[in-house]
Amino acid sequence: MKVRTRFAPSPTGHVHIGNMRAAIYNWLFARHHGGEFLLRVEDTDRERSTTEAIQTLLEAMAWLKLDVDEEPLYQSTRMEVHLEAAEQLLAKGLAYKEDKGGTGQGECVIFRMPGTDVSFEDGIKGTLSKAADNMQDFVIVRSNGTPVFHLANVLDDIEQGVTHVIRGDDHIENTYRHIALYRALGADVPNFAHLPMLVNAQGKPYSKRDGDAFVGDFREKGFLGDALFNYLALLGWSPGDDREVMTREEMVEAFTLERCQSSAAQVDLKKLTWMNGEYMLKLPDEEFEAIAFGELDRAGIDAEPEYAEKVFTLIRERAKTVTDIVPLAGYFFTDEIVYDEKAVKKKLKKDGVADTLHKAKAIFETLEVFNEASTDEALHDFVETSGLGFGAVMAPVRIAVSGVQSGPDLFPVLAVLGRERVLKRIDRTLELFFA
RNA sequence: GACCCCUUCGUCUAGUGGCCUAGGACUCCAGGUUUUCAUCCUGGCAACACGGGUUCGAGUCCCGUAGGGGUCGCCA
């Protein structure tokens, strides 16, 4: 039988990375087995389900390249089927009506647990079981006539032909009930696998206060979808060897439930950042450029394409995240550079620096051609004849043209900026700090 | 509280009874390379929760204890 897995989120606001990891594992599992990956939108909670939320969900999935094999099933379209099934359970005596707790809310439909122990083979945790005495009947249709999650979820999984239910282990208790429901409904019980939870940097479950746990936030922070996918895939699973940065194909090939961890995993932003840096480095030039232009645009920087591309090649290996780009490249695009206070204090406001800058300017002015090689040679000559150290020459020049004391190699920076900008910036520096 | 689940370096993990004086990665530290920073290279710190068994031999199997988490809704 062909493997079919699904991601069944309720579109109530943002998509949490814990949920998204479950989606990734479902996707990986389906692809590994040459099966199908489906989406079901559990949008029965009308209050909280909005079209914007559904849109956000779809965007997040597209960003992570989680392609689905069939049109999404919207649970809200299935209410009649759910209710019909409840009627049948009622007719067979497998469910009953009652004003639960005598609250006066009216009668709801309650599913009768079979009174036998339930156990199943969990794909990750092994044999799981629960004694009949510890399980109680539960509501499947509210007194207002709407179906409850348990009923709808099981019926829709049957409808979509889901063979493997891979979800968070906060669903374990539900699974015992769901299995009883499948049986009562006369349906095959699918395979279940329960993933451990993801916890925050404090080792605690993510709460509403952890504003950084939504998929969209990671995108905002400059992480690449492929990097987040890879990182999340490795949070709770490993290929069994030392590979960490892996292609989709490698992950699909290596993914098995047996290799999934059964204990909670903690999200480590530092490692995600490292991994993202690896992905940034592997980006084809055109892709990096497209991203970088987008960033400049967002920052309101109007960049001349040819010039900008040269800048990007200089800074790209230093950018660990997308959001690093503008801070790294910003000074190339304005002569009104912002000077780093510490750099100025430490390296610029020193005896002899004004003289050094004047001389450097004179050298740059007289250079026949102004490029990487010529500035390199000229400045090295200057260092030798002046008796100054490299640092005493390079640092002031760098700060004069960029405002900061670190960055790519100085000579390529000078070459890309070009003589005109370099001279103008040295003048401005002289005026601002040594006038 | 009841029931269920979980427990290897700070973090993610390898480990399926001998190959483990426990391996890799991130972080951190030191040194090297470098005009600076980043990269890169080399090295280092750092863990089997605890207690009992079983066994010639236990991180690996069993039991218990402790700690953490989940569930106990007419939410999903």
Side-chain angles (χ1 to χ4, degrees), chain A residues 8-12 19 42-45 47-49 75 98-101 103 105-110 122 124-126 128-131 133-136 138-150 152-153 167-177 194 196-197 199 201 203-205 231-232 234-245 258-259 261-275 277-278 281 315 317-320 324 328 343 346-347 376 379-380 383 389-399 402 404-411 413:
Chain A
S10 52
T12 53
N19 286 125
E42 302 207 330
D43 58 347
T44 51
D45 188 336
E47 302 275 305
R48 297 192 288 166
S49 300
Q75 192 161 71
E98 187 185 297
D99 182 355
K100 199 183 177 199
T103 52
Q105 290 176 75
E107 292 196 318
C108 53
V109 180
I110 298 174
D122 187 278
I124 293 172
K125 293 178 192 273
L128 261 28
S129 58
K130 189 144 175 137
D133 288 351
N134 295 317
M135 296 183 285
Q136 288 152 19
F138 58 97
V139 175
I140 53 175
V141 178
R142 299 183 188 88
S143 51
N144 69 4
T146 59
V148 169
F149 161 75
H150 303 294
N153 185 272
R167 55 188 1 175
D169 67 10
D170 50 336
H171 278 290
I172 288 179
E173 299 293 329
N174 288 335
T175 299
Y176 298 111
R177 310 202 251 202
H194 291 91
M197 308 302 285
V199 296
K204 296 288 175 191
Y231 178 73
L232 252 21
L234 252 31
L235 253 199
W237 170 78
S238 83
D241 47 42
D242 289 338
R243 286 178 294 169
E244 293 204 304
V245 177
E258 293 72 45
R259 299 211 54 82
Q261 208 71 16
S262 53
S263 55
Q266 196 166 319
V267 175
D268 181 1
L269 249 24
K270 287 225 176 100
K271 185 151 187 176
L272 205 210
T273 302
W274 163 77
M275 185 168 277
E278 298 291 306
L281 245 29
I315 60 109
E317 66 178 13
R318 319 173 80 83
K320 288 216 178 295
D324 283 345
L328 247 25
K346 231 176 117 186
K347 300 281 170 67
D376 187 332
L379 243 35
H380 272 82
V383 166
F390 278 106
V393 175
M394 309 294 195
V397 172
R398 175 188 291 282
I399 294 164
S402 74
V404 292
Q405 53 183 330
S406 68
D409 288 340
L410 182 58
F411 307 113
V413 169

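The chains referred to below are lettered A, B, ... by the order of the sequence lines, with proteins before strands, and numbering in each begins at 1.
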First locate atom [atom1] of [X], then atom [atom2] of [Y], and finally report the distance between them rounded to the nearest 0.5 Å.
X: A:Gln136; Y: A:Ile110; atom1: CD; atom2: CD1; answer: 11.0 Å
X: A:Ile172; Y: A:Lys125; atom1: CD1; atom2: NZ; answer: 5.0 Å
X: A:Thr175; Y: A:Leu128; atom1: OG1; atom2: CG; answer: 8.5 Å

Rounded to whole angstroms, how far apart are [atom1] on [X] and [atom2] on [N]?
X: A:Asp268; N: B:U11; atom1: CG; atom2: C1'; answer: 5 Å
X: A:Phe149; N: B:U71; atom1: CZ; atom2: C1'; answer: 13 Å
X: A:Asp241; N: B:C12; atom1: CG; atom2: C1'; answer: 15 Å
X: A:Leu281; N: B:C40; atom1: CG; atom2: C1'; answer: 11 Å
X: A:Glu244; N: B:C26; atom1: CD; atom2: P; answer: 7 Å
X: A:Asp122; N: B:U71; atom1: CG; atom2: P; answer: 16 Å
X: A:Asp133; N: B:U71; atom1: CG; atom2: P; answer: 23 Å
X: A:Arg243; N: B:C26; atom1: CZ; atom2: C1'; answer: 19 Å

**Q.** Contact nearer the 5' end of RNA chain B, comparing A:Leu235 with A:Gly203
**A.** A:Leu235

Q. When you match A:Lys100 and A:Gly240 each to their closest nucleotide on RNA chain B, which lands nearer the 5' end?
A.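 Looking at RNA chain B, the more 5' nearest nucleotide goes with A:Gly240.
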
Using a 4.0 Å heavy-atom cut-off, does [X] contact any base of the nucleic acid, only the sugar-phosphate backbone, or nothing at all?
X: A:Gln405; value: base
X: A:Asp409; value: base
X: A:Gly236; value: sugar-phosphate
X: A:His150; value: base

Find the partner of [N]: check Watson-Crick (N1-N3 plus N6-O4 or O6-N4) and G-U wobble (N1-O2, O6-N3) distances, both under 3.5 Å, and reply none if neither fits.
N: B:G64; result: B:C50
N: B:G57; result: none
N: B:U11; result: B:A25
N: B:A2; result: B:U71

If the [atom1] atom of [N] is compared with that of [M], how far apart are they to the nearest Å?
N: B:A76; M: B:U13; atom1: C1'; answer: 32 Å
N: B:U71; M: B:C50; atom1: P; answer: 29 Å
N: B:C41; M: B:U33; atom1: C1'; answer: 8 Å
N: B:U16; M: B:A58; atom1: C1'; answer: 12 Å
N: B:G24; M: B:A14; atom1: C1'; answer: 7 Å
N: B:C63; M: B:A22; atom1: P; answer: 28 Å
N: B:A47; M: B:G23; atom1: C1'; answer: 12 Å
N: B:C48; M: B:U42; atom1: P; answer: 28 Å

Identify each atom pair where a protein N or O and an N or O of nucleotides 1-8 of chain B are less than 3.5 Å apart, giving names and distance.
unit_1: B:C3; atom_1: O2'; unit_2: A:Lys130; atom_2: NZ; d: 2.6
unit_1: B:C5; atom_1: O2'; unit_2: A:Lys125; atom_2: NZ; d: 3.0

Q. For A:Asp133, which residues count as a salt bridge (Lys or Arg N to Asp or Glu O under 4.0 Å) partner, sequence neighbours excluded?
A.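 Applying salt bridge (Lys or Arg N to Asp or Glu O under 4.0 Å) to A:Asp133 gives none.
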
(Q) When you compare the side chain of A:Asn19 with that of A:Pro9, does any pair of heavy atoms fall below 4.5 Å? (A) no

Q | Flag side-chain contact, heavy atom, 4.5 Å: A:Thr44 against A:Phe149 | A | no

Nearest to the [X] side chain among [options], which nucleotide is it?
X: A:Gln266; options: B:U39, B:C12, B:U71; answer: B:C12
X: A:Ala265; options: B:U13, B:U27, B:U35; answer: B:U13
X: A:Lys271; options: B:C74, B:U71, B:G24; answer: B:G24
X: A:Pro205; options: B:A76, B:G70, B:U36; answer: B:G70

Using only side-chain N and O atoms of [X], determine if any of them is under 4.0 Å from OP1 or OP2 of [N].
X: A:Arg259; N: B:G15; result: yes
X: A:Lys204; N: B:G68; result: no
X: A:Ser238; N: B:A14; result: yes

Q.
Tell me every residue that passes ring-ring contact (aromatic ring centres under 6.0 Å, His included) with A:Tyr176, counting only those two or more places apart in sequence or in another chain.
A.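 Testing A:Tyr176 for ring-ring contact (aromatic ring centres under 6.0 Å, His included), a comparison that skips the adjacent residues, returns A:Phe120.
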
Judged by atom type as modelled, is there a donor-acceptor pair below 3.5 Å linking the side chain of [X] to the main-chain atoms of [Y]?
X: A:Tyr231; Y: A:Asp268; value: yes
X: A:Gln266; Y: A:Ala201; value: yes
X: A:Arg259; Y: A:Trp237; value: no

**Q.** Test side-chain contact (heavy atoms from CB on, under 4.5 Å) applied to A:Asp376 - qualifying residues, sequence neighbours left out
**A.** A:His380, A:Phe411

Q. Got a sec, which residues hit side-chain contact (heavy atoms from CB on, under 4.5 Å) with A:Pro147, two or more places apart in sequence or on another chain?
A.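 A:Met79, A:His82, A:Leu83, A:Leu151.
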
Between the protein and nucleotides 18-23 of chain B, list the N/O to N/O atom pairs that are separated by less than 3.5 angstrom.
none

